[in-house]
**Q** 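Below: one structure in structure tokens.
Convention: sequence-line order gives letters A, B, ...; per-chain numbering from 1.
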There are 2 protein chains.
Amino acid sequence: MAERKDEILAAAIAIADERGLEAVSMRSVADRVGVTPMALYPYVGSKTALLDAMYGRIVNEYVPDLAAAADWRERMRSLATAARSLAKQRPWVVSLMLSRPSVVLDAVRVTDALYQALLDAGVPDADVPRIERLLSTFFLGYSASESGGRFGARTQNPRGSRGQLPEGRLPGHARLAPWLDQAPDWDAEFDADLRDLEALILAKASRHQS
Amino acid sequence: MAERKDEILAAAIAIADERGLEAVSMRSVADRVGVTPMALYPYVGSKTALLDAMYGRIVNEYVPDLAAAADWRERMRSLATAARSLAKQRPWVVSLMLSRPSVVLDAVRVTDALYQALLDAGVPDADVPRIERLLSTFFLGYSASESGGRFGARTQNPRGSRGQLPEGRLPGHARLAPWLDQAPDWDAEFDADLRDLEALILAKASRHQS
DNA sequence: ACCTGAACACCGTTCAAGT
DNA sequence: ACCTGAACACCGTTCAAGT
């Protein structure tokens, strides 16, 4: 009985990997399992529940082994990097993460790991939940933007009423042109962002100790 | 002719406001305009193009008047606050922002305003594009998390294999329990986040001047 | 120039029925 | 216990036809 549900989940994930989340329908999943759409309902409940289950299973696979790294910085980095590589390999998971409350149990485990990293860094208890949200929001947003294509926009032609980028009315873009024309190295950028955020965390921590 | 397109856009936005983005279909929009679904195509091209057009129109309405505020901090705050209140009043816009490249012209104008705020703050030119992405990613992610329900999760029961939150295996949650049980004030939290990010920006700026 | 109607290949889900 | 088949109320889009 649990086997059947696993089979259904695996089929749904395979379809999402191959043809995207919008190709996952009760009909397409049922087809792959070799059964009628209605046969799925006793196992998955509804389409929404199926999506939740897919999310939970994937997050669970990607959560890095956190006991391994002793330094809070390393643990934070490995969590952030896991989110990012998850988004890169399975972009459809990001849509799920942002479109529904993160009540999936495996997601809560990740939150807990970040809590502990911040506590170890010396952030006062009262500030930890907020800083955790700040960080996870950024990690999620970065992953979503990168894999969703929001970052790659500059190279494309803006879709506007006139279709052309009016550089004259965009003084910031004009001044920064030399840095905007070279395509960024997203790995390096994420690294630099992490360093800046580590500094932010340490500032919170040292203010506490003094 | 442009009138007809405006009428279609207004109908689509009204439906999204009233019944969510998923209620926006070519059929429902056509119904509201009092026309057949096929009559929309000459004006909007496709459903995707219709969504883009909705996005552009809304962003345009919400971009705050930036010439007004002299201080870069105020300008940054008003941009961030605009994003957040947009997300609160029209949650469906956030899905659009994250699910497609931000090539809509009006969105580029917002980016430019943030560039200028950072330049005025004294951030070195070479760092501005990255920091702008860091900030806009956070603003977007925060807005999405808040309006999409990702933040509200703690109060609900986590959906997991067992259905109950196993506090024993979540030491971080256990230690932070006193601060996790009181529901956060999201306005105050966003304010605190903005202050932390301003400090991050000033650190980048002063390192440059020395 | 602007719109309609029928059609095609899809959706999630309910309900009664089969073995 | 597990699955099917028909049906309902939906999708986006193409294509030929009407005025």
**Q** Would you indicate which nucleotide in C:dC15, D:dT14, C:dC3 comes nearest to any side-chain atom of A:Met38?
**A** C:dC15

**Q** Less than 6.0 angstrom from the centroid, inside 45 degrees of the normal: does B:Arg84 satisfy that with respect to the ring of B:Phe190?
**A** yes

**Q** Quick one: which of D:dC3, C:dC3, D:dT13 gets closest to the side chain of B:Val35?
**A** C:dC3

**Q** The side chain of B:Ala39 is closest to which nucleotide in this list: D:dG12, D:dC2, C:dC3?
**A** C:dC3

**Q** Side-chain donor-acceptor pair under 3.5 Å between B:Gln89 and B:Tyr62, yes or no?
**A** yes

**Q** B:Ser46 side chain: which of D:dG5, C:dT4, D:dT13 is closest?
**A** D:dT13

**Q** Roughly, in whole Å, what's the span from CD in A:Glu22 to P in D:dT13?
**A** 11 Å

**Q** Which nucleotide in the set C:dC2, C:dT13, D:dC2 lies at the smallest distance from any side-chain heavy atom of A:Pro37?
**A** C:dT13

**Q** Check whether any side-chain nitrogen or oxygen of B:Arg27 sits under 4.0 Å from OP1 or OP2 of D:dT13, and answer yes or no.
**A** no

**Q** Using whole Å, what does the distance between atom P of nucleotide C:dG5 and atom CG of B:Asp31 come to?
**A** 13 Å

**Q** Report yes if a side-chain nitrogen or oxygen of B:Tyr41 is closer than 4.0 Å to either non-bridging phosphate oxygen (OP1 or OP2) of D:dT14; otherwise report no.
**A** no

**Q** Compute whether any side-chain donor of one residue and acceptor of the other, for B:Asp17 and B:Trp92, lie under 3.5 angstrom apart.
**A** yes

**Q** Counting only side-chain N and O atoms of A:Ser25, is one of them less than 4.0 Å from OP1 or OP2 of C:dC11?
**A** yes

**Q** Say whether, by atom type as modelled, one donor and one acceptor occur between the side chain of A:Asp125 and the main chain of B:Leu176 under 3.5 angstrom.
**A** no

